[in-house]
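Data block below; observations after.
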Amino acid sequence: MANPRKFSEKIALHTQKQAEETAAFEQIMREVSDATSKVPKQHLLINQSLGSYRGGSLPNVNHIGSNSVDLKVGNYG
Amino acid sequence: MANPRKFSEKIALHTQKQAEETAAFEQIMREVSDATSKVPKQHLLINQSLGSYRGGSLPNVNHIGSNSVDLKVGNYG
Amino acid sequence: AGGPIIAEDQARKREMRLLKNREAARECRRKKKEYIKCLENRVAVLENQNKALIEELKSLKELYCQQKTD
Amino acid sequence: AGGPIIAEDQARKREMRLLKNREAARECRRKKKEYIKCLENRVAVLENQNKALIEELKSLKELYCQQKTD
DNA sequence: ACAGGCTGACGTCAGCCGGC
DNA sequence: GCCGGCTGACGTCAGCCTGT
């Protein structure tokens, strides 16, 4: 049941899990972003220029004909 | 070069990446654990009983003959 | 007699089975290939999310430690 | 004449190629199967690490927000 | 029970690419 | 150049599982 024989069901399970995990990932990223955007106390300092840089290059599985979806992560700044 | 033809090289690349990512994962987990173990200010309250519970069931790819290694994550409490 | 006629039917039955299984094998290979692509893509996505989560954890930890010294 | 002898050599050459390719195909199928298992196991590991990182991020965020109200 | 759909494994052919 | 190792794709056989 957890490991079906048909490839269609395996693909369906993986796409479903990927959708759920991506939703949870984006949710926690937004929550942390919202929590850190509210300045700690009343300091009001703009110290968010460096330290939160997200600019990694994407793994790029096949580079052509790989039907890759949702490979890059958004910028939750 | 990034996508070899031989299966041996593909497996080697994946195992290498997995080792690096596991090392980075364990390192950041230890760092966060050490940072949170030092009590904030001088409150000295033991409020770490609930909220940091890590006891998820493991995905269990094949349950037999899957040669799974490093499937479970450690408890960095 | 009716012997050769029955033999012809069995031969056609066999060819039908082979034809069906031929097309099924093609579709099965296609699905298997698609499944491998799905796994590779899923690995890439999880890899990026892991890196992003680690970076976010580092940033939040630094913020937490900095604020703890106040 | 030497015609049949050359034909025998070519036949043995062919059988040798077929035998070699036979064993190579078996090993290739084995490696492919092992590669798929590797991918599935890697997905499972990344999945667990992802969940653990998200939980750690939640806990640290709560600690950060709680301390921010002091 | 029995037929049919999918898949695992086999052997073969064709093709790519690195080394001689 | 050409030759040999690996792999992609094919058709076939055997086997499992489900629906009838």
Side-chain angles (χ1 to χ4, degrees), chain A residues 1-18 59-68, chain B residues 1-18 59-69, chain C residues 2-3 5-44, chain D residues 2 5-44:
Chain A
M1 180 269 186
N3 220 53
R5 282 187 55 219
K6 293 177 62 60
F7 288 135
S8 311
E9 303 176 3
K10 292 186 179 183
I11 296 177
L13 281 182
H14 276 286
T15 50
Q16 177 184 352
K17 280 191 176 182
Q18 180 160 343
N60 211 347
V61 180
N62 232 347
H63 201 76
I64 47 107
S66 70
N67 292 329
S68 299
Chain B
M1 182 267 185
N3 219 49
R5 283 186 54 218
K6 294 178 61 62
F7 288 135
S8 311
E9 303 177 4
K10 292 187 179 183
I11 296 176
L13 281 182
H14 276 287
T15 49
Q16 176 184 354
K17 280 191 177 182
Q18 182 160 340
N60 213 347
V61 181
N62 231 349
H63 202 74
I64 47 109
S66 68
N67 292 330
S68 299
V69 284
Chain C
I5 299 178
I6 298 179
E8 279 188 13
D9 276 2
Q10 285 182 351
R12 267 180 286 182
K13 289 279 185 179
R14 169 180 166 82
E15 286 191 18
M16 266 303 181
R17 276 174 36 199
L18 291 184
L19 176 61
K20 283 282 184 181
N21 189 248
R22 215 177 311 172
E23 300 172 357
R26 270 197 291 264
E27 201 63 20
C28 186
R29 285 191 296 265
R30 193 180 176 213
K31 286 289 180 183
K32 187 172 187 178
K33 189 176 174 182
E34 183 183 351
Y35 172 61
I36 296 179
K37 294 290 181 183
C38 169
L39 283 178
E40 292 174 340
N41 175 62
R42 185 160 162 73
V43 166
Chain D
I5 299 178
I6 299 179
E8 279 187 12
D9 277 1
Q10 285 181 352
R12 268 180 285 182
K13 290 277 186 180
R14 169 180 166 85
E15 286 191 18
M16 265 303 185
R17 276 174 38 196
L18 291 183
L19 176 61
K20 284 281 185 180
N21 189 248
R22 216 176 310 172
E23 300 171 357
R26 270 198 290 265
E27 201 63 20
C28 185
R29 284 191 296 265
R30 192 176 178 229
K31 287 290 180 182
K32 186 172 187 176
K33 191 176 175 181
E34 183 182 351
Y35 173 62
I36 295 179
K37 294 290 181 185
C38 169
L39 283 178
E40 291 173 341
N41 175 61
R42 185 159 161 74
V43 166

Exercise. Is any side-chain heavy atom of D:Lys32 closer than 4.5 Å to a side-chain heavy atom of C:Ile36?
Worked result: yes

Exercise. Does the side chain of B:Lys17 reach to within under 4.5 Å of the side chain of C:Val43, using non-hydrogen atoms?
Worked result: no

Exercise. Can you say whether the rings of A:Phe7 and C:Tyr35 are parallel (under 30°), tilted (30 to 60°) or perpendicular (over 60°)?
Worked result: parallel

For this session: Mind checking C:Arg30 for me? I need base, sugar-phosphate or nothing, with any heavy atom below 4.0 Å counting as a touch.
Result: nothing

Exercise. Stepwise, does the side chain to side chain contact (heavy atoms under 4.5 Å, CB included) test hold for D:Glu34 with D:Lys31?
Worked result: CA-CA 5 Å; D:Glu34 183 182 351; D:Lys31 287 290 180 182; 4.0 Å; yes

For this session: Locate the shortest heavy-atom distance separating B:Lys10 from B:Pro4; write the atom from each residue and the value.
Result: CE-O, 2.9 Å

Problem set entry | Where B:Leu13 and B:Ala2 come nearest, the two heavy atoms and their spacing | CD1-O, 3.9 Å

For this session: Kindly indicate, with the supporting measurements, whether the criterion salt bridge (Lys or Arg N to Asp or Glu O under 4.0 Å) is fulfilled by C:Arg12 and C:Glu15.
Result: CA-CA 5 Å; C:Arg12 267 180 286 182; C:Glu15 286 191 18; over 6 Å; no

For this session: Any chance you could list the contact pattern along nucleotides 2-10 of chain F? Use B for base contacts, S for sugar-phosphate-only contacts and - for none, protein heavy atoms under 4.0 Å, 5' to 3'.
Result: ----BBSSB

For this session: Enumerate, in order of first residue number, the stems that involve DNA chain F, defined as 3 or more consecutive Watson-Crick or G-U wobble pairs with both distances under 3.5 Å.
Result: E:1-14 with F:7-20, E:16-20 with F:1-5

Exercise. Does D:Glu23 pair with D:Arg26 as a salt bridge, N-O distance under 4.0 Å?
Worked result: no

For this session: Starting at atom CG of D:Leu19, determine the distance to atom C1' of E:dT12, rounded to an integer number of angstrom.
Result: 13 Å

